[in-house]
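In what follows, a structure is listed as structure tokens, so that the remarks can point back to it.
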Amino acid sequence: MKKSNDPSEPLEKLKEENQSLALELRSAQKELKELRQIKLSLCLSCRKIRNPEKYWLQIEQFFSAHGDLLFTYGLCPECAQKNYNKLPVFQESKREESPEAKQYLKASEDPLIQKLKQELDNPEEDPETLRQDLAVLIKRYEKLNNRMNKIVTISDSYQLELRDLSIRMELLAHTDVLTGLPNRRDIMERLEMEHNRAERYKSSFSVLLFDVDDFKKINDWYGHDMGDEVLKHLAKIFRKSFRRADTCARWGGEEFLVLCPESGEEDTMIAGEKCRSMVCSTTIQLRGETVTLGISGGLCAYVQGMSINDLLRKVDEALYEAKRLGKNRIISSTYFNS
Amino acid sequence: MLDIKATKSTPRIIFIEDSDTLEMSGESYPENSFAFFAPVFEWLHSELPKLKALKFDVSINYMNSSSTKCMLDILDLLNEAFEQGKEVSITWFYQAGNDRARDLAEEFKEDLSIPFSIQPFETEEVTE
């Protein structure tokens, strides 16, 4: 911390604080004095409160001077509703109900239904009239039935559309748009699941963290769009080289994280090396030039009691070590720790 | 004069006099669909008899159930006018490539005798 050169500075500060405290105290004393003035006197004998003249005026004066003691600010439900309706989005949809609108809601007031009800209640009703009205009703009923089926069919279809959309959104929220690989959020969820499983069933899993060697140079030399091409190219190789059960995700920037369930250090190292050699042995065309890429990786196999953070820290350290030792290699955290 | 501005949950509905076109576009899931569509029905009841012809252009991506009922009722009214000799036609736009939206348009078209054309549109054109 930077030390002050002026020894009088803390003293000055203290003086200032004292002054402001004194001010606060004075104002509090004044308030208390005023509050005491509006005390009500209670008779010790009859226990009645003596209500002095102009008492209410005193009360009024006190609270108008110290409104903050009485009031706190908020928004009452009625005003909240009023202001909510003022928002542009709700203006149009909040129309007053017109008689036309209500007409739909009161189907039981249909004249034909009412007429038929009366006819049915009347034992001397002419059967022919009843028959005719019933025929009209059946026709209407048929139409109504068809209409209802149609509305339900159409609504179901719109709902399916919404469901599809929500699935797409969900998928998008878990996918890295550039590479099409699962994103960091997705792999974190999987990692948590795998970690829980490993803790509960004492199973094993490992994590590999890859980083593209000299990616900054690629970006600087060929441009960011070519950098993106490199990431897409690598994503393809990652997808091909790992098992179906493994998940390879874009961890961020030029880093990829691979989660290998049911895999110990040795198996994961073999899989990781297979992937690394595939990357080294393929070339990519960048602005007409043939470029060979390299990747460095850190590996960490889960050990009982290890937290996800421990795991990620260890795999990060291992990757750092791989870079430090000259890149284009995979280093396991056990090697690094020993 | 019928000109209802679109909101997040309700479609734009406008009658363009020059071309005798009633346009409805956007999404429709108002809190109270019957209240929302009431002015449209009022307008149809009072203005449709006065018109010689009417084109009804619809591009609605999503409708809730009560809006669907209102839409079917509007189509019924137009169909009735057509059967009584008025020059009425409907063009139903759906998002190109969305087969379900196309089937939905067919669903609306079914049972009507009025000229009902189903046209695909590219999303970009509609979202300006």
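Letters go in sequence order (proteins before strands), and every chain restarts at 1.
Aromatic ring pairs are classed by plane angle as parallel below 30°, tilted from 30° to 60° and perpendicular above 60°; the pair B/Phe108 and A/Tyr158 is tilted.
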Practice item. Show your working on side-chain contact (heavy atoms from CB on, under 4.5 Å) between B/Asn98 and A/Glu161 and close with a plain yes or no. Key: CA-CA 10 Å; B/Asn98 187 342; A/Glu161 191 79 13; 2.5 Å; yes
Exercise for review: Apply the test side-chain contact (heavy atoms from CB on, under 4.5 Å) to residues B/Glu110 and A/Thr153: give CA-CA distance (whole Å), side-chain angles for both, the deciding distance (0.1 Å), then the verdict.
Suggested key: CA-CA 12 Å; B/Glu110 201 186 41; A/Thr153 313; over 6 Å; no
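In this structure, the portions of B/Met63 lying under 4.5 Å from any heavy atom of chain A include both its backbone and its side chain. In this structure, chain A has heavy atoms under 4.5 Å from both the backbone and the side chain of B/Leu72.
B/Glu107 and A/Lys150 get closest at one heavy-atom pair: O-NZ, 2.6 Å. Annotation for A/Ser155 and B/Asn64: closest pair OG-C, 4.4 Å, computed over non-hydrogen atoms.
Within a 6.0 Å sphere centred on CD of B/Glu17, heavy atoms belonging to other residues, nucleotides or ligands number 12 at most. Counting non-hydrogen atoms of neighbouring residues, nucleotides and ligands closer than 6.0 angstrom, the CD atom of B/Glu106 exceeds 12 such neighbours.
When each of A/Leu160, A/Val152, A/Asp156, A/Asn146 is scored by its heavy-atom pairs under 4.5 Å with chain B, the top score falls to A/Leu160.
Note that CG of B/Asp103 is 11.5 Å distant from CD1 of A/Ile154, once rounded to the nearest 0.5 Å. Here the straight-line distance linking atom CG of B/Asp73 with atom CD1 of A/Ile151 works out to 7.0 Å at 0.5 Å rounding. Note: B/Ser65 OG to A/Met148 CE = 11.5 Å, rounded to the nearest 0.5 Å.
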